[in-house]
Amino acid sequence: EHHQWKKRRLSQATSSQGIREGATQGCHLRRHFSNNKILVELDEASGVAIMKLKNPPVNSLSLELLTEFSITIEKLEVDRSCRGVIFLTSAAPKIFSAGLDITEMSVQELWLLLNGSNMVTIAAINGSSPAGGCLMAMCCDFRIMADNPKYTIGLNETQLGIVAPFWLKDTITNILGHRLTEQSLQLGQMYTSALKIGLVDQLVPEDKVQSTAAYFLTDEKMHEDCNTSVVLRTLMFKALRKNSRVLCAFLREECNSVPRILSNLHKIININIYYRISL
Ligand SMILES: CC/C=C\CCC/C=C/C(=O)SCCNC(=O)CCNC(=O)[C@H](O)C(C)(C)COP(=O)(O)OP(=O)(O)OC[C@H]1O[C@@H](n2cnc3c(N)ncnc32)[C@H](O)[C@@H]1OP(=O)(O)O
């Protein structure tokens, strides 16, 4: 039923009223798309698309936002002027994303889309980023975060009584390694020093987050870093990730049976089941 609903939403949102488009002529041609929750600015000269989440007050990942997210990624995937590069950021100051809308809960499709995408993706994390916000950033190929001790990032699921599913655990393990992942998930840790542990790749002043993400994608940066282009290396990672077809099939199944709000009792049962299976 949920699947049908999503299909319906997809066709509604892709109708001509669902997405508004415009073009401005500056030094380069920039095209703008927007729907209710996502703004896209596509610079045709560089092929870089900026995807801004706009779901006040805290950019929670509601079903509506997630549906528009899917539509936008699919639209960019087939857009010839998008060279295969996007970066994700928040249209609001201070919060990158509060994670899943705690009244809804559904995020597997976003994981599939970002991990399965052929485009290079960069998270420009311009604010706090708990749980699903951190997941979204972790699914990107690079993470650039605002250097502000007030902003934290991490998987705080345990503090909420949610057991991180294995695909989420695997995602953070790939970045942090096993021991740190254990500590991070057991404590539901939110980090202020995310660069030190490698959860983000770069910390920059708050007003430089977007420009750094854009610079990261330029040829100079590629040549400065090493002889292999960032884009090529990223496409290699993506090819490796795509090999886990079993995981993708599992997630597709899970998308259709998403648990909604977890009661306290369910939280406890969930955690117990998790420990029985994994110990
Ligand atoms: C099925 C698969 C299972 C698991 C895999 C997926 C794992 C991911 C899980 C999740 O993402 S669960 C959600 C986890 N998110 C959080 O724990 C975030 C909690 N919120 C915060 O830490 C803070 O709100 C903040 C994001 C740092 C913002 O702080 P600030 O002080 O600026 O604002 P305030 O706390 O006053 O919140 C404003 C307003 O927004 C509502 N809110 C906050 N977070 C969410 C959310 N995730 N979903 C929906 N609504 C949210 C909050 O209640 C306030 O509302 P109000 O003004 O009406 O009171």
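Side-chain atoms are counted along with the backbone in the values below, which use heavy atoms only and exclude waters and symmetry mates. Source: prediction; values computed, not measured.
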Point-to-point distance, once rounded to the nearest 0.5 Å, from CE of M51 to CD1 of I38: 4.0 Å
Under 3.5 Å: donor-acceptor pair, side chain of N156, backbone of G188: no
Sequence neighbours excluded, every pair satisfying salt bridge (Lys or Arg N to Asp or Glu O under 4.0 Å) that has a member inside residues 197-216: none
Set of side-chain contact (heavy atoms from CB on, under 4.5 Å) partners for S62, sequence neighbours left out: N55, E64, L65, D101, E104
D79: partners by salt bridge (Lys or Arg N to Asp or Glu O under 4.0 Å), with sequence neighbours left out: R31
Check against side chain to side chain contact (heavy atoms under 4.5 Å, CB included), Q210 and K52: CA-CA 11 Å; Q210 287 206 21; K52 281 191 185 166; 3.3 Å; yes
Residue pair L39, H32: steps toward the side chain to side chain contact (heavy atoms under 4.5 Å, CB included) verdict: CA-CA 7 Å; L39 310 170; H32 302 265; over 6 Å; no
Contact check, side chains of L76 and F33, non-hydrogen atoms, under 4.5 Å: yes
Residue among I175, I153, L114 satisfying side chain to side chain contact (heavy atoms under 4.5 Å, CB included) with M138: I175
Flag side-chain contact, heavy atom, 4.5 Å: R143 against I125: yes
Residue pair M145 / F96, side-chain heavy-atom distance below 4.5 Å: no
Closest heavy-atom pair and its distance - P149, T192: O-CG2, 3.4 Å
Rounded distance (nearest 0.5 Å) linking atom CD of E157 with atom OG of S184: 9.0 Å
From CA spacing to verdict: side chain to side chain contact (heavy atoms under 4.5 Å, CB included), L203, Y151: CA-CA 11 Å; L203 281 184; Y151 298 159; over 6 Å; no
Donor-acceptor under 3.5 Å (K37 side chain, L53 main chain): no
Which atom pairs, one a donor and one an acceptor, fall under 3.5 Å between side chains of residues 126-133 and the rest of the protein, sequence neighbours left out?
{"residue": "N126", "atom": "OD1", "partner": "T89", "partner atom": "OG1", "Å": "3.3"}
{"residue": "N126", "atom": "OD1", "partner": "S90", "partner atom": "N", "Å": "3.3"}
{"residue": "N126", "atom": "ND2", "partner": "T89", "partner atom": "OG1", "Å": "3.2"}
{"residue": "N126", "atom": "ND2", "partner": "S90", "partner atom": "O", "Å": "2.9"}
{"residue": "S129", "atom": "OG", "partner": "G133", "partner atom": "O", "Å": "3.2"}
{"residue": "S129", "atom": "OG", "partner": "C134", "partner atom": "N", "Å": "3.4"}

Residue pair I144 / A213: nearest heavy atoms and the distance that separates them: CD1-CA, 3.6 Å
ILVMFWY cluster, I73 and L42 together (side-chain gap under 4.5 Å): yes
Selection residues 179-189 - residue pairs positive for salt bridge (Lys or Arg N to Asp or Glu O under 4.0 Å), sequence neighbours left out: R179-E182
Full working for side chain to side chain contact (heavy atoms under 4.5 Å, CB included) between L135 and L168: CA-CA 7 Å; L135 165 66; L168 178 54; 3.3 Å; yes
Spacing of CH2 belonging to W167 relative to CD1 belonging to I172, to within rounding of 0.5 Å: 12.5 Å
T212 side chain reached by F87 side chain, heavy atoms, under 4.5 Å: no
Closest approach of L176 to G198 (non-hydrogen atoms, all atoms of both residues): CD2-C, 4.3 Å
Close side-chain approach of K169 and T181, heavy atoms under 4.5 Å: yes
Non-hydrogen atoms of C82 and A49 that approach each other most closely: SG-CB, 4.3 Å
Residues clustered with V58, ILVMFWY side-chain links under 4.5 angstrom: I95
Sub-4.5 Å side-chain heavy-atom contact between Q202 and F142: no
L88 to C140 - nearest heavy-atom pair and separation: CD1-SG, 3.7 Å
Which atom of M190 lies closest to which atom of T152, heavy atoms considered: CE-OG1, 3.3 Å
Spatial distance of atom OH (Y191) from atom CD1 (I197) [nearest 0.5 Å]: 4.5 Å
Test item: C139 and T121 side chains (from C-beta on) under 4.5 Å apart, heavy atoms: no
